[in-house]
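One structure is given below, encoded as structure tokens.
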Amino acid sequence: MKTFVILFALILSEFAMGQATITVHVTNVPTDQGEIRFGLFTEGTFIKKAPDYHETATVKDHSSTVVFENIPAGEYAISCFQDKNMNETFDFEPNGMPAEPYGLSNDAPSSYGPPLWSDAKFTVADKPVSMEIHF
């Protein structure tokens, strides 16, 4: 029984440690139309698959804020876009250029192709993370 209690306490402490809150504030949103869709990605899902975590927030006064809670320690990147037409999809022009405003963690550049993981990644440990993304 004593072994079980110790094992349970260790598992519980591992679960409690290494989780954090990520607060993301987006500025320079062109209009207050629609909403901002946020995706939190690991390296394996970044720009390839659905995000590991996602949130949606309204736009007010050309900015938006969202909070991801209980995120395990690790490396992540955030991608967000203004879903102006509320179709839940990041729209593109016929020439392949984005049709809706977007941004990435670290304000990673992506003007000549898809963004790079190495430019957008950041580390989550056991402390809150706060960042600003500029559209």
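Index from 1, following the sequence. From a predicted model like this one, the values you see are computed outputs, not experimental measurements.
For Thr27 (side chain) and Ser63 (main-chain N/O), no donor-acceptor pair under 3.5 Å exists by modelled atom type. Under the 3.5 Å distance criterion, the side-chain polar atoms of His62 are matched with a main-chain donor or acceptor of Val29. No side-chain donor-acceptor contact under 3.5 Å links Asp83 to the backbone of Gly34. Asn106 places a side-chain N or O within donor-acceptor distance of the main-chain N or O of Lys121, the cut-off being under 3.5 Å.
Residues forming a side-chain contact (heavy atoms from CB on, under 4.5 Å) with Ser118 (at least two apart in sequence, or on another chain): Leu116. With sequence neighbours excluded, the residues forming a side-chain contact (heavy atoms from CB on, under 4.5 Å) with Thr56 are Glu35, Arg37, listed by chain and number. His54 is linked by a side-chain hydrogen bond (donor to acceptor under 3.5 Å, both in side chains) to nothing, counting only residues two or more places apart in sequence or in another chain. Scanning for side-chain hydrogen bond (donor to acceptor under 3.5 Å, both in side chains) contacts around Asn87 gives Asp91, with sequence neighbours left out.
For the pair Val59 and Asp32, the minimum side-chain heavy-atom distance is below 4.5 Å. Between Ile22 and Tyr53 the shortest side-chain heavy-atom distance does not fall below 4.5 Å.
Within the model, atoms CG of Asp107 and CG of Asn28 stand 9.0 Å from one another, a figure rounded to the nearest 0.5 Å. Atoms CG and SG, from Leu104 and Cys80 in turn, are 7.0 Å apart once rounded to the nearest 0.5 Å. Atom-to-atom distance recorded for Ile133:CD1 and Ser64:OG is 10.5 Å, nearest 0.5 angstrom. The structure places CD1 of Ile36 at 11.0 Å from NE2 of His25, a figure rounded to the nearest 0.5 Å.
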Applying side chain to side chain contact (heavy atoms under 4.5 Å, CB included), run through Thr23 and Val67 and close with a yes or a no. CA-CA 4 Å; Thr23 302; Val67 177; 3.9 Å; yes
Worked verdict on Ile78 versus Met131 for side chain to side chain contact (heavy atoms under 4.5 Å, CB included): CA-CA 10 Å; Ile78 292 177; Met131 72 176 65; 4.0 Å; yes
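Comment: Glu100 does not engage Lys84 in a salt bridge, judged by the lack of any side-chain N to carboxylate O separation of less than 4.0 angstrom.
Identified under the ring-ring contact (aromatic ring centres under 6.0 Å, His included) test for residues 114-135, with sequence neighbours left out: Phe46-Trp117. Legend: ring-ring contact (aromatic ring centres under 6.0 Å, His included) pairs involving residues 71-109, not counting sequence neighbours, sorted by first then second residue: Phe81-Phe90, Phe90-Phe92, Phe90-Tyr102.
For the pair Pro101 and Pro30, the tightest heavy-atom approach, listed with the atom from each and the gap, is CG-CG, 3.6 Å. Between Ser105 and Ala77 the shortest heavy-atom distance is OG-CA, 3.5 Å. Of all the heavy atoms in Ala20 and Ala125, the pair that sits closest is CB-O, 3.4 Å.
Linking ILVMFWY side-chain heavy atoms closer than 4.5 Å, directly or via other members, places Phe68 and Val26 in a single hydrophobic cluster. One hydrophobic cluster, built from ILVMFWY side chains closer than 4.5 Å, cannot hold both Phe38 and Ile47; they sit in different ones.
In the model, Gln82 has a side-chain atom that pairs as donor or acceptor with a side-chain atom of Thr31 under 3.5 Å.
Dense packing is recorded around NZ of Lys48, with more than 12 heavy atoms of other residues, nucleotides or ligands lying under 6.0 Å away.
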